[in-house]
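Quick note: residue numbers are just sequence positions, from 1.
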Amino acid sequence: MHFALYTFSFIFMSRVGKKFILVPEGVEVNVQDNHLNIKGPRGFLELDYDSRLKVEKQENMISVLRRNPKDRARQTKALWGLTRNLINNIILGVSEGFKKKLEIQGVGYRANVQDKKLVLDLGFSHAAEYPIPDGIEIKVEKNIVSVSGIDKQEVGQVAAEIRFLRPPEPYKGKGIRYMDEYVRRKVGKKATTEGSK
């Protein structure tokens, strides 16, 4: 079972690797040795990729290839698909950017941006302060916190760290959750006792 799953994942990643990447207008891609420089309207990112792969650019298309076409090792296939996805995410990031939204739920719970910090009142004895990293923009509108930036991984990491400050509790749902997150609710002890009478 596990072998079949791993085989499927490697085949899938190699299929992903074969897909061309479209470079939108306004994005510059420079390939040098095993290093990529990608610049767009929203910023600049770099990527070092494995020497078993090569990246080719023709007009507005990028392809990721195995340097040795006969190299059918599982690790190479996995790197092939992964590298293709990383390059695609960088191009999306510098051209459009990424965004994660968090929702704050709870009476008296609120957030605001002060200087380079996100300040959150989450029912503790003191406010929680989250320093905003360089390259990340945080906006607050009512009870919605928007985290945006050009690096997909960093945007996701920052959103996860903010959520961790007060994860949603399972009884009343108070806390910080992703906008599309479903929080499974538990029945409180009192309600359970009353229901059994």
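Within the structure, the salt bridge (Lys or Arg N to Asp or Glu O under 4.0 Å) test picks out no pair touching residues 84-104 (sequence neighbours left out). For residues 25-51, every residue pair satisfying the salt bridge (Lys or Arg N to Asp or Glu O under 4.0 Å) rule, not counting sequence neighbours, is listed here: D50-R52.
For the pair R163 and E181, the minimum side-chain heavy-atom distance is below 4.5 Å. A 4.5 Å side-chain heavy-atom check between L47 and I87 finds at least one atom pair inside the cut-off. Looking only at side-chain heavy atoms (C-beta outward), I176 and L120 come within less than 4.5 Å of each other. Looking at L36 and Y49, their side chains come closer than 4.5 Å, going by heavy atoms from C-beta outward. The side-chain heavy atoms of L102 and I144, taken from C-beta on, include no pair separated by under 4.5 Å. You'll find the side chain of F44 stays beyond 4.5 Å of the side chain of I38, heavy atoms only.
N30 and Q32 share no side-chain donor-acceptor pair at under 3.5 Å.
Proximity of a side-chain donor or acceptor of W80 to a complementary backbone N or O of L53 within less than 3.5 Å is not detected. Between the side chain of K77 and the main chain of L79, no donor-acceptor pair closer than 3.5 Å is present. Judged by distance alone, the side chain of R67 and the main-chain N or O of S51 form a donor-acceptor pair under 3.5 Å. Without hydrogens or angle criteria, R66 side chain to D71 main chain gives a donor-acceptor distance under 3.5 Å. Formation of a donor-acceptor pair under 3.5 Å by the D121 side chain with backbone atoms of G123 is not found in this model. Between the side chain of S95 and the backbone N or O of L92, at least one donor-acceptor pair lies under 3.5 Å.
A chain of hydrophobic side-chain contacts below 4.5 Å, direct or via other Ile, Leu, Val, Met, Phe, Trp or Tyr residues, connects L118 to F98. Note on I90 and V155: separate hydrophobic clusters, where clusters join Ile, Leu, Val, Met, Phe, Trp and Tyr whose side-chain heavy atoms are under 4.5 Å apart, directly or indirectly. V147 and V94 end up in different hydrophobic clusters when Ile, Leu, Val, Met, Phe, Trp and Tyr side chains are linked at under 4.5 Å. Under the 4.5 Å side-chain heavy-atom criterion for grouping Ile, Leu, Val, Met, Phe, Trp and Tyr, V119 is not connected to L165 through any hydrophobic cluster.
For the pair Q114 and N112, the tightest heavy-atom approach, listed with the atom from each and the gap, is NE2-OD1, 2.9 Å. Closest of all the heavy-atom pairs between Y178 and A159 is CE2-CB, 4.0 Å. In terms of heavy-atom proximity, G173 sits nearest to P168 at O-CB, 4.2 Å.
To the nearest 0.5 Å, atoms NZ (K57) and CD1 (I21) are separated by 12.0 Å. How far CG of L82 is from CG of L86: 4.5 Å, rounded to the nearest 0.5 Å. Atom CE of residue M179 and atom OG of residue S146 lie 8.0 Å apart, to the nearest 0.5 angstrom.
Within a 6.0 Å sphere centred on NZ of K172, heavy atoms belonging to other residues, nucleotides or ligands number 12 at most. Residue F20 places its CZ atom among 12 or fewer non-hydrogen atoms of other residues, nucleotides or ligands, all under 6.0 Å distant.
In this structure, Q58 has no side-chain contact (heavy atoms from CB on, under 4.5 Å) partners at least two apart in sequence or on a different chain. Applying the side-chain contact (heavy atoms from CB on, under 4.5 Å) test to E56 and every residue at least two apart in sequence or in another chain returns K54, S63, L65. In terms of the side-chain contact (heavy atoms from CB on, under 4.5 Å) criterion, residue partners of Y109 (sequence neighbours excluded) are, by chain and number, I104, L122, R166, K174.
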Please report, to 0.1 Å, the donor-acceptor pairs under 3.5 Å made by any side chain of residues 124-140, with sequence neighbours excluded.
unit_1, atom_1, unit_2, atom_2, d
E129, OE1, K117, NZ, 3.2
Y130, OH, E161, OE1, 2.5

